[in-house]
Amino acid sequence: MVLPATIILFVVVAIPIGYGFYLSLTSYNPVETTGPRFHGLAGYAEVLTSAEFWRALGVTGAYAVGTLILTVPAALGLALLVNGKFPGVGLFRGMMYLPRVVSLVAVSMIWLWLYSREGFFNYALDLVGLDPVEFLTDESTALPSLIVMRAWKALGGSMIIFLAGLQTIPQELIQSAAVDGAGRLRTFRHVTLPLLMPITTYVVVVDLIYLAQSFSEIYILTSGGPLGSTTVVNMLVYKQAFENFQLGEASAMAFVLFCMIFALAYANVRLLGRSKK
Amino acid sequence: MKGAWRWRRTAVVALVTAVVMLPFWWLLSLAFKPETEVFSYPPNLLPREWTLDNFAYVWETTNLPVALTNSVVVGVLTVLSNVMAATAAGYAFARLKFAGSRPLFAATLGAAMVPAVVQLIPLFLVTQRWPLAGGNDLFGEGGSGLLNSYAGLLLPLLVQPLNIFLARQFFLDLPEEMAEAARLDGASELRIFWSVYLPIARPVVATIGVLSFTGAWEDFLWPLVVVSSPDMQTLPLALSTYAASGVVQYGPLMAATVIATIPVVGVFLAAQRHFVRGLASGGVKG
């Protein structure tokens, strides 16, 4: 009964990983007819010394961390705010979750207009008397604009996870803290927050892994530009492979990213394992 | 004091909701505005005149109907294949003892951690060189393989390792007595799975269905490399093509986005009850 799934996973995951690793040790341009030319670790050396790759890695990190800095505190604050019953709580949670359900590509279409010259944000700037901004084509605003969009998309989903975490905290703990004379703030700092640490770690690491693989919204809104300021690693891999046809080098980049993501995932498992003890 | 806190909370909640919903408001507003109003300045929060022209325009002048069909076909086939293969595998990992069960399950979990970009290039080459497809010979030379085909689009979506994991967690929680009773009656293992356990697995089937469908519906990078013909584009590809074509016509673009979004929101709302319960039961034993 595991056979169908195993065969499929073997063909679409195991073989490609093995083949991809082999490709990463070669120089391969499919336009030439000679096929992949084996050159060992030279491709990795090239990637690890390439300024372009390190820049893309930096952009990826800035994008992921920037998004998390906007999302996590806001999501936690909102979860605290709406933890409990009030009229319309279901509707509110449903609406907050909507950006998570709608696909990144659809979301990008909406924000393409919001950020456009005649879009909402420039209208808002105009209302307060500021000059229009070319959000997506100006080197200084392109990445922050993408981050704001992505934070908007991630907020509701993270909030729901924090809510689930808050509901596992026994009410007696909160009440006994109140009996001991702790105020709201102190209860939060010394009771709620420590108990929420595991779920916060989970949210941060899972989102980091996910955000490190961003592609579609960047492809659509900026294609990695202007001047490479939004070229994340996935964008660089795509361009090297399918625009410049450097399949060997692109494979090596993909594997370096893989190793970094794997390290993150491993750290996550270790951190969570420790906090459970 | 308490009353003031409540009032402030309501105000903050209302404000946050308004900010989060604002982009959707503009999406709908632009989709239902006539073209002349789309570029009017300042932009109107509500269309002065409501119209379906934008929908008619994208439907008649672009490949949107084809892309919608392609997305539905790929989505439905992805759901079917994941529900069948992932529940069967998850059931076997949870309830049957067989040689290699543990390492195979570990490998499945490992597969879940591989970023899509690592598979991208080799899987593209595998797709292109698929033997005896798209004019290829037995050794995968000469043609375009599975590029520009449903099979090519489906390849990485057929079984998602996470779904196997969810199914396994669900079946782990079910009592063994049911299988023993059926075994005494002489039922085969396949039959026990099919007639005893699968019928009560609706929450996890719903979860797998929703996750597979939305995953297939949103997929962008893989269709981007595997499809070059407009006839095989899925909705995300079609949308990105419209957005990239010189002067963007926002009215029709937003109408197309609305059409592309309704099915996922619908699926999510319809399955929400099952979906939330299924995820929760999957999370008991981590």
Side-chain angles (χ1 to χ4, degrees), chain A residues 1-2 4-6 8-9 11-17 19-20 23 78 81-82 86 92 95-96 98-99 101-114 116 118-120 123 126 152 155-156 213 215-216 219-220 233-234 237-238 241-242 247 250-251 254-255 257-258 261-262 265, chain B residues 9-10 12-13 16-17 20-21 23-24 26-27 30 39 41-43 84-86 88-89 91-93 96 104 108 111 113-123 125-126 155-156 158-159 161 164 190 193 214 217-218 220-221 225 236 239-240 243 248 250 253-254 257 260-261 264-265 268:
Chain A
M1 275 159 90
V2 285
T6 310
I8 295 168
L9 286 180
V11 172
V12 304
V13 184
I15 292 182
I17 291 174
Y19 186 33
L23 281 176
L78 279 174
L81 197 68
V82 302
F86 61 90
F92 169 74
M95 290 207 284
M96 289 299 290
L98 199 58
V101 178
V102 174
S103 81
L104 255 177
V105 173
V107 162
S108 304
M109 296 304 147
I110 307 173
W111 286 72
L112 190 66
W113 180 81
L114 293 177
S116 71
E118 50 291 313
F120 172 75
Y123 169 60
D126 189 39
W152 170 81
L155 182 64
Q213 303 179 50
F215 178 79
S216 43
Y219 178 88
I220 290 166
V233 175
N234 267 9
V237 171
Y238 172 80
F242 297 99
L247 296 190
S251 298
F255 269 93
L257 183 71
F258 180 25
I261 289 175
F262 190 82
Chain B
R9 176 166 84 170
T10 312
V12 173
V13 165
V16 169
T17 315
V20 168
M21 295 311 282
F24 292 119
W26 284 114
L27 166 68
L30 285 164
F39 286 100
Y41 193 88
M84 290 192 295
Y91 174 80
F93 280 131
L96 305 179
L104 212 52
T108 307
M113 285 212 258
V114 180
V117 69
V118 172
Q119 285 160 277
L120 183 71
I121 297 161
L123 195 58
L125 294 174
V126 168
L155 215 46
L158 286 172
V159 179
I164 298 179
L190 201 63
F193 164 65
T214 51
W217 197 262
E218 290 181 5
F220 183 73
L221 180 53
V225 303
L239 288 179
S240 83
V248 184
Y250 286 106
L253 180 67
M254 294 306 155
T257 305
T261 302
V264 259
V265 175
F268 181 77

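Chain letters run A, B, ... following the sequence lines, proteins first, then strands; residues in each count from 1. A quick note: this is a predicted structure, and the numbers were derived from the prediction, not measured.
- Taking both residues in full, the closest heavy atoms of A:F242 and B:L120 are given as CE1-CD2, 3.8 Å, listed atom of the first, atom of the second, then distance.
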side-chain contact (heavy atoms from CB on, under 4.5 Å), that's the test. Do B:T257 and A:V107 meet it? Break it down for me. CA-CA 9 Å; B:T257 305; A:V107 162; over 6 Å; no

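- Between B:A85 and A:A5, the shortest heavy-atom distance links the atoms O-CB, 3.9 Å.
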side-chain contact (heavy atoms from CB on, under 4.5 Å) assessment of A:V102 paired with B:V264: CA-CA 7 Å; A:V102 174; B:V264 259; 5.9 Å; no

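- Of all the listed residues (A:V11, A:V233, A:L257, A:D126), the one sharing the greatest number of non-hydrogen pairs under 4.5 Å with chain B is A:D126.
- The closest side-chain heavy-atom distance from B:V16 to A:L78 is below 4.5 Å.
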Please walk me through it: do B:V20 and A:M96 pass side-chain contact (heavy atoms from CB on, under 4.5 Å)? CA-CA 7 Å; B:V20 168; A:M96 289 299 290; 3.9 Å; yes

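- No side-chain donor-acceptor contact under 3.5 Å links B:W26 to the backbone of A:F120.
- Aromatic ring pairs are classed by plane angle as parallel below 30°, tilted from 30° to 60° and perpendicular above 60°; the pair B:F220 and A:F215 is tilted.
- Heavy atoms of A:Y123 lying under 4.5 Å from chain B belong to its backbone as well as its side chain.
- When all heavy atoms of B:V159 and A:I8 are compared, the pair lying nearest together is CG2-CD1, 3.6 Å.
- Between chain B and the residues A:A241, A:G156, A:P99, the most heavy-atom pairs under 4.5 angstrom are made by A:P99.
- Using modelled atom types, one side-chain atom of B:R9 and one backbone atom of A:L81 make a donor-acceptor pair closer than 3.5 Å.
- Closest heavy-atom contact between B:A243 and A:L112: CB-CD2, 3.8 Å.
- For a residue to count as touching a neighbouring chain, one of its non-hydrogen atoms must lie under 4.5 Å from one of that chain's; by this rule B:M113 touches chain A with backbone and side chain alike.
- Rounding to the nearest 0.5 angstrom, the gap separating the OH atom in A:Y238 from the CG atom in B:L221 is 8.0 Å.
- In this structure, B:F24 has its ring center at least 6.0 angstrom away from the ring center of A:W111.
- Contact annotation: the side chain of A:L9 approaches that of B:P161 to within less than 4.5 Å [non-hydrogen atoms, C-beta and beyond].
- Each of A:M109, A:Q213, A:E118 has some count of heavy-atom pairs under 4.5 Å with chain B, and the biggest count is that of A:M109.
- Between B:E218 and A:L104, every side-chain heavy-atom pair lies at or beyond the 4.5 Å cut-off.
- A:V237 places a side-chain heavy atom less than 4.5 Å from the side chain of B:I121.
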Applying side-chain contact (heavy atoms from CB on, under 4.5 Å), run through A:L247 and B:L125 and close with a yes or a no. CA-CA 10 Å; A:L247 296 190; B:L125 294 174; 4.0 Å; yes

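- Nearest heavy atoms, B:V117 versus A:A254: O-CB, 3.9 Å.
- A:F262 CZ: 12 or fewer foreign heavy atoms inside a 6.0 Å radius.
- If you measure heavy-atom distances from B:L253 to chain A, the contacts under 4.5 Å come from the side chain alone.
- Across B:T261, B:V225, B:V265, the residue that shares the most heavy-atom pairs under 4.5 angstrom with chain A is B:V225.
- Among A:L155, A:I261, A:L98, A:L114, the residue making the largest number of heavy-atom pairs under 4.5 Å with chain B is A:L98.
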